[in-house]
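One structure below.
All values below were derived from every heavy atom in this structure, side-chain atoms included, with hydrogens, water molecules and symmetry-related copies excluded.
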Amino acid sequence: MRFAVLGAVTAVGDDGEAVVLRGAKSRALLAALLLDPHSTVPLVSVMAVLWGEEPPPTATASLHNHLARLRSALRDSDGTRLRTMSHGLHLRVEEGEADREVFEDLVRQAQEARGRGDWEAAERDAGAALALWRGAPFADVPALAGHPVVTYLQEQRVETLECRFEALLRLDRLDGLAAELGALVEEHPFRETLHRQLMLVLGRTGARVSPCTSRPSSATRSRTAGSTSTCTEPRPAGPRSRPPTPSPPSCTGWVWPPGASPATWRPVPRCCAPRSPRPAHCSSSTTRPRSARYDRCCRPGRAVPSW
């Protein structure tokens, strides 16, 4: 029997046939037992995965029904694989049957090889560990999203990627690394090791990573949701390309000059347009006289007081 949790939760029998898990509850029950396969899982934890923090009054009876269906799917009629204990449930998992444990063993071997400078072994073990990864752990069990075990496994994957890239850099095998590292930097923008490795690859190969080569992650899109800029590649100017159009002077707008004929209409800046003649009713004879206070305080040659 083999159990896989690095992606959707699946089980494969000794004959190579996939175990059919009927219903989301049976899959969630198997996932709850595989969170810690070598220890007894309390019933409270199992019910929390199946029904949340507030299970229904019929949760105990329903749990027995789901256990019977899971035993039937695992062909465990004698109860030696899945046992009911006084304080919880225990699923027997032999060595090498869970892909999570194989993944963790390979990651440990890759890190040990990295520590002693055996880059061939580090790259081989890290690649074998990453080959087991099919997606987010327990991907089809929404109740386990954000669980500490899921977070731990995702962190282990990123560290394994960094170990593999470090080995490939040491071995000078740089084909395709720029694009792969560029996508990972977009996915994990705060991983300094990935940024350093990307800079090393770009420096050695002279390659360029465009900001449009990879689609940003949801976290990156949420951080830039308020931005209206679009990602466009600069186009090289052709031999007959026009020079850039100069921007208009800083003024309030463009107007048509007064008295222009249709044949000579050209827009001019508002600040540069000739002014229309002052209407008769706005002549100087009808302007408002200056106040006596202005004449007393602001006539030429007298300092303006600070009021």
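At distances below 3.5 Å, at least one donor-acceptor pair connects side-chain atoms of D76 with backbone N or O atoms of R81. Without hydrogens or angle criteria, H195 side chain to P189 main chain gives a donor-acceptor distance under 3.5 Å. Counting only distance, with no hydrogens or angles, the side chain of H147 and the backbone of V149 share a donor-acceptor pair below 3.5 Å. Looking at R134, its side chain does come within 3.5 Å of a backbone N or O of A8 through a donor-acceptor pair. No donor-acceptor pair under 3.5 Å is formed between the side chain of D125 and the backbone N or O of L106. Remark: side-chain polar atoms of K25 are not paired, donor with acceptor, to backbone N or O of H66 under 3.5 angstrom. Judged by distance alone, the side chain of S72 and the main-chain N or O of A68 form no donor-acceptor pair under 3.5 Å. Side-chain atoms of R2 do not come within 3.5 Å of backbone N or O of A11 as any donor-acceptor pair. One N or O on the side chain of D99 and one on the backbone of V5 form a donor-acceptor pair closer than 3.5 Å.
Here CD of E180 is found 12.0 Å from CG of D175. Values are rounded to the nearest 0.5 Å. Taking NE2 of H87 as the reference point, atom CG of L43 lies at 9.0 Å (rounded to 0.5 Å). Between atom CG of residue L34 and atom CD of residue E101 there is a gap of 9.5 Å, rounded to the nearest 0.5 Å. In this structure, CG in L169 is found 6.5 Å from CG in L177, a value given to the nearest 0.5 Å. Between H90 atom NE2 and L33 atom CG the span is 9.5 Å, to the nearest 0.5 Å. Here CD of E104 is found 4.5 Å from OH of Y152. Values are rounded to the nearest 0.5 Å.
In terms of hydrophobic clustering, with Ile, Leu, Val, Met, Phe, Trp and Tyr side chains grouped at heavy-atom distances under 4.5 Å, L171 and L174 are assigned to different clusters. Cluster annotation: M85 is not connected to L63 through the hydrophobic network of ILVMFWY side chains, with a link wherever side-chain heavy atoms come within less than 4.5 Å. Under the 4.5 Å side-chain heavy-atom criterion for ILVMFWY residues, no single connected hydrophobic cluster contains both L161 and L153. Under the 4.5 Å side-chain heavy-atom criterion for Ile, Leu, Val, Met, Phe, Trp and Tyr, L67 and V46 are members of the same hydrophobic cluster. A single hydrophobic cluster is seen to contain both W51 and V49, as judged by linkage of ILVMFWY side chains at heavy-atom distances under 4.5 Å, directly or through other members.
Looking at heavy atoms from C-beta onward, L29 lies in side-chain contact with L89 at the 4.5 angstrom threshold. Inter-residue side-chain proximity for V201 and L168 is flagged as unmet; no heavy-atom pair is nearer than 4.5 Å. Contact annotation: the side chain of D14 approaches that of M1 to within less than 4.5 Å [non-hydrogen atoms, C-beta and beyond]. Counting heavy atoms from C-beta outward, T160 and W133 have side chains that stay 4.5 Å or more apart. Under the 4.5 Å side-chain criterion, counting only non-hydrogen atoms from C-beta, L194 is in contact with H188. In this structure, R75 and D15 have side chains that are in contact, with non-hydrogen atoms separated by less than 4.5 Å.
When each of V141, L70, T10, V19 is tested with L30 by the rule side chain to side chain contact (heavy atoms under 4.5 Å, CB included), just one qualifies, namely L70. A side chain to side chain contact (heavy atoms under 4.5 Å, CB included) with L35 is found for exactly one of V150, V41, L144, namely L144.
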Could you give me the CA-CA distance, side-chain angles and deciding distance for E17 and V12, then say whether side chain to side chain contact (heavy atoms under 4.5 Å, CB included) is met?
CA-CA 6 Å; E17 294 184 4; V12 180; over 6 Å; no
L91/L74 under side chain to side chain contact (heavy atoms under 4.5 Å, CB included): CA gap, chis, key distance, verdict:
CA-CA 11 Å; L91 178 67; L74 297 177; 4.3 Å; yes
Should E97 and V102 be marked as a side chain to side chain contact (heavy atoms under 4.5 Å, CB included) after you check the CA-CA gap, both sets of side-chain angles, and the distance that decides it?
CA-CA 8 Å; E97 287 186 340; V102 177; over 6 Å; no
Side chain to side chain contact (heavy atoms under 4.5 Å, CB included) assessment of F138 paired with L6
CA-CA 6 Å; F138 305 94; L6 300 179; over 6 Å; no
Taking it one step at a time, do R92 and E94 satisfy salt bridge (Lys or Arg N to Asp or Glu O under 4.0 Å)?
CA-CA 7 Å; R92 180 174 56 85; E94 302 293 343; 2.6 Å; yes
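Residue pairs meeting the salt bridge (charged side-chain N to carboxylate O under 4.0 Å, His left out) criterion with at least one partner in residues 46-73, sequence neighbours excluded, are absent.
For the 3.5 Å distance criterion, the side chains of S39 and D36 qualify, holding a donor opposite an acceptor.
Nearest heavy-atom pair across L198 and A178 is CD1-O, 3.8 Å. The minimum heavy-atom distance between P55 and G52, with the atom names listed, is CD-O, 4.0 Å. Closest approach of C163 and A122 over heavy atoms only: SG-CB, 4.3 Å.
Under 4.0 Å is where a charged nitrogen must lie from a carboxylate oxygen, and between R196 and E166 at least one such pair does. A salt bridge links E120 with R173: the distance from a Lys NZ or Arg NE/NH1/NH2 to an Asp or Glu carboxylate oxygen falls below 4.0 Å. Ion pairing between a basic and an acidic side chain is recognised when a charged N comes within 4.0 Å of a carboxylate O; R114 and E162 show no such pairing.
Counted within 6.0 Å of CZ on R204, heavy atoms from surrounding residues, nucleotides or ligands total more than 12; the atom is thus considered enclosed.
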